[in-house]
A.B. asks: 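A single structure is presented below for examination.
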Amino acid sequence: MTKKKILLIDDDELITMSLEMIICAGSEFEVVGKGRSGLEAVSLFDELRPDLLLMDIRMADMNGLEAAEAILSAHKDAAILFLTTFSDDEYIVKALKLGVRGYLLKQDYKSLPAALQAAINGQSVFGGAIVDKLPTLMSGAKGETGFDYRKYDISEKEYEVIQLVAEGFSNKEIAQKLFLSEGTVRNYLSCVLEKLDLRDRTQLAIFYLTQSKKTPTSMR
C-alpha cells in the first residue's frame, strides 16, 4: 500500500517530533517534509506536493492562515488541516472561509490518524470543541450571511431548515419553529444533504458558514 505523504509545519520542534512519531506509527502515512513557518509551508508544499499539509496557525514570518491562503490560491484542491492550541473564533471563521479540510486542537492528538485519513478523503474534520462553537458563530452571523441557495436547487423552506440547523437547533425545535412535523424536517434535511453532497448536519453548518458573504458582526 502506498503511504500518504504528510507535510508537517509547526514552530515548536518538540511538538513536530512528537507529531511525526504519532503520524508514522502506522503504515498509512509518511512525513515527507517538516518546516517551522508559513513561508516554509508554501515553499515545501510547492516542492513536495503532499497529500495533506498539517499546520499550526501562530508562527513567525507568515502565520498558518496566510500560508493556507497562498497555497490554496495556487493549488485549489490542496488538503490542509490545522492543528493548533488556539480556538479563537476569528481563526475558526477565517479557516472555514479559506476552505481548509479541518481545524483540530492539539489536545485532540489521539484522533489524529483518523482525522488525517478523513481529510485526505475530502471530508471535513473538526474537533469537538470547534463543533460546539459553530452555533454561536452562526448566531452572530444571522441576518448578515447566507448564500444563493437557488443555484443548488434548494427551496426557500429547505433554506430555512439549513439556517436553523446551522444555529444549532434540533429537528424537534426546527419543527416547532417552522410549524412542521419532525418527519418533514428530517425529509427536508435528507434532501438538502443529498443536493449539497454533504454527510451530516455538522458539515451542513460548516458549509453554511463557509458560504457566508460577510464576516459575522462578532468578528469585526
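Just so it is clear, the model here is predicted, and its values are computed rather than measured.
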A.B. asks: What I'd like to find out is whether the side chain of Pro113 reaches to under 4.5 Å of the side chain of Ile23, using heavy atoms alone.
C.D. replies: no

A.B. asks: Which pairs with one or both residues in residues 98-122 pass salt bridge (charged side-chain N to carboxylate O under 4.0 Å, His left out), sequence neighbours excluded?
C.D. replies: Asp10-Lys106, Asp56-Lys106

A.B. asks: Taking Lys5's backbone N and O only, do any of them form a donor-acceptor pair with Asp51's side chain (distance below 3.5 Å, no angle check)?
C.D. replies: yes

A.B. asks: What about Leu8 and Ile80, same hydrophobic cluster or not, with Ile/Leu/Val/Met/Phe/Trp/Tyr joined at side-chain heavy-atom distances under 4.5 Å?
C.D. replies: no

A.B. asks: Is there a side-chain contact between Tyr152 and Phe207, using heavy atoms and a 4.5 Å cut-off?
C.D. replies: yes

A.B. asks: Quick check: closest heavy atoms across Ala41 and Leu7, and the distance to 0.1 Å?
C.D. replies: O-CD2, 4.0 Å

A.B. asks: Who passes side-chain contact (heavy atoms from CB on, under 4.5 Å) against Ser87, sequence neighbours left out?
C.D. replies: Leu105, Ile130, Lys133

A.B. asks: Count I, L, V, M, F, W, Y as connected when their side-chain heavy atoms are under 4.5 Å apart, and connections chain through other members. Are Leu178 and Tyr149 then in the same cluster?
C.D. replies: yes

A.B. asks: Side chain to side chain contact (heavy atoms under 4.5 Å, CB included) for Ile15 and Leu83? Distances and angles first, verdict last.
C.D. replies: CA-CA 11 Å; Ile15 289 178; Leu83 182 68; 6.0 Å; no

A.B. asks: Could you work out, with side-chain contact (heavy atoms from CB on, under 4.5 Å) as the rule, every residue matching Ala95, not counting sequence neighbours?
C.D. replies: Leu65, Phe82, Val100, Tyr103

A.B. asks: Leu98 and Phe45: same hydrophobic cluster, using ILVMFWY side-chain contacts below 4.5 Å?
C.D. replies: yes

A.B. asks: Can you name the side-chain contact (heavy atoms from CB on, under 4.5 Å) partners of Phe86, sequence neighbours left out?
C.D. replies: Arg58, Thr84, Asp88, Tyr91

A.B. asks: With side chains defined as the heavy atoms from C-beta onward, is the minimum distance between Val32 and Ile6 less than 4.5 Å?
C.D. replies: no

A.B. asks: Got a sec, which pairs hit side-chain hydrogen bond (donor to acceptor under 3.5 Å, both in side chains) with one end in residues 12-26, sequence neighbours left out?
C.D. replies: Glu20-Lys34

A.B. asks: Which ring-ring contact (aromatic ring centres under 6.0 Å, His included) pairs, counting each pair once, include a residue from residues 5-30, with sequence neighbours left out?
C.D. replies: none

A.B. asks: With rounding to the nearest 0.5 angstrom, report the CG to CE distance, Leu19 to Met17.
C.D. replies: 11.0 Å

A.B. asks: Grab the two heavy atoms, one from Tyr208 and one from Ala166, that are nearest each other, plus how far apart they are.
C.D. replies: CD2-CB, 3.8 Å

A.B. asks: In Å and rounded to the nearest 0.5 Å, what is the CE to CD distance from Met55 to Glu40?
C.D. replies: 12.0 Å

A.B. asks: Can you pull out every side-chain hydrogen bond (donor to acceptor under 3.5 Å, both in side chains) where at least one residue sits in residues 179-188? Sequence neighbours excluded, please.
C.D. replies: Ser181-Thr184

A.B. asks: How close do Ala79 and Ala119 get, counting heavy atoms only, and between which atoms?
C.D. replies: CB-O, 4.4 Å

A.B. asks: Roughly how far, to the nearest 0.5 Å, is CD1 of Ile57 from CD1 of Ile9?
C.D. replies: 14.0 Å

A.B. asks: Could you name each residue pair satisfying side-chain hydrogen bond (donor to acceptor under 3.5 Å, both in side chains) that touches residues 67-79, not counting sequence neighbours?
C.D. replies: Asp46-His75

A.B. asks: Quick check on the hydrophobic clustering: are Leu54 and Ile71 connected, directly or via other members, by side-chain heavy-atom contacts under 4.5 Å?
C.D. replies: no

A.B. asks: Working to the nearest 0.5 Å, report the span between CD of Glu173 and CD of Glu167.
C.D. replies: 11.0 Å

A.B. asks: Can you name the residues that form a side-chain contact (heavy atoms from CB on, under 4.5 Å) with Gln176, not counting sequence neighbours?
C.D. replies: Lys172

A.B. asks: Can you sort out the partners of Glu160 under salt bridge (charged side-chain N to carboxylate O under 4.0 Å, His left out), two or more places apart, ordered by chain and number?
C.D. replies: Lys157

A.B. asks: At what distance, to the nearest 0.5 angstrom, does OG of Ser155 lie from CZ of Arg150?
C.D. replies: 11.5 Å

A.B. asks: Do Val165 and Ile174 come close enough that some side-chain heavy atom pair is under 4.5 Å?
C.D. replies: yes

A.B. asks: For Glu156, look at atom CD and say whether over 12 heavy atoms of other residues, nucleotides or ligands are found less than 6.0 Å away.
C.D. replies: no

A.B. asks: According to ring pair (Phe, Tyr, Trp, His ring centres under 6.0 Å), who are the partners of Tyr109, at least two apart in sequence or on a separate chain?
C.D. replies: none

A.B. asks: I need the Met62 CE to Ser37 OG distance, nearest 0.5 Å.
C.D. replies: 8.5 Å

A.B. asks: Measure the shortest side-chain to side-chain distance between Leu116 and Leu81 over non-hydrogen atoms and say whether it is less than 4.5 angstrom.
C.D. replies: yes

A.B. asks: Find out if a path of hydrophobic residues (ILVMFWY) with successive side-chain heavy-atom gaps under 4.5 Å connects Ile120 to Leu72.
C.D. replies: no

A.B. asks: Identify the heavy atoms of Val125 and Ala118 that sit nearest to each other, and give their distance.
C.D. replies: CG2-CB, 3.7 Å

A.B. asks: Indicate every side-chain donor-acceptor pair of residues 192-206 with a distance under 3.5 Å to a residue at least two apart or in another chain.
C.D. replies:
{"from": "Lys195", "atom 1": "NZ", "to": "Asp153", "atom 2": "O", "distance (Å)": "2.7"}
{"from": "Lys195", "atom 1": "NZ", "to": "Glu158", "atom 2": "OE1", "distance (Å)": "3.0"}
{"from": "Lys195", "atom 1": "NZ", "to": "Glu158", "atom 2": "OE2", "distance (Å)": "3.3"}
{"from": "Arg199", "atom 1": "NH1", "to": "Gln123", "atom 2": "OE1", "distance (Å)": "3.2"}
{"from": "Asp200", "atom 1": "OD1", "to": "Thr202", "atom 2": "N", "distance (Å)": "3.2"}
{"from": "Asp200", "atom 1": "OD1", "to": "Gln203", "atom 2": "N", "distance (Å)": "2.9"}
{"from": "Arg201", "atom 1": "NH1", "to": "Asn171", "atom 2": "OD1", "distance (Å)": "2.9"}
{"from": "Arg201", "atom 1": "NH2", "to": "Phe169", "atom 2": "O", "distance (Å)": "3.0"}
{"from": "Arg201", "atom 1": "NH2", "to": "Asn171", "atom 2": "OD1", "distance (Å)": "3.4"}
{"from": "Gln203", "atom 1": "OE1", "to": "Arg199", "atom 2": "N", "distance (Å)": "2.8"}

A.B. asks: Between Gly33 and Leu48, what is the shortest heavy-atom contact and its length?
C.D. replies: CA-CD1, 3.8 Å

A.B. asks: I need the minimum non-hydrogen distance between Val42 and Ala70, along with the two atoms involved.
C.D. replies: CG2-CB, 4.0 Å

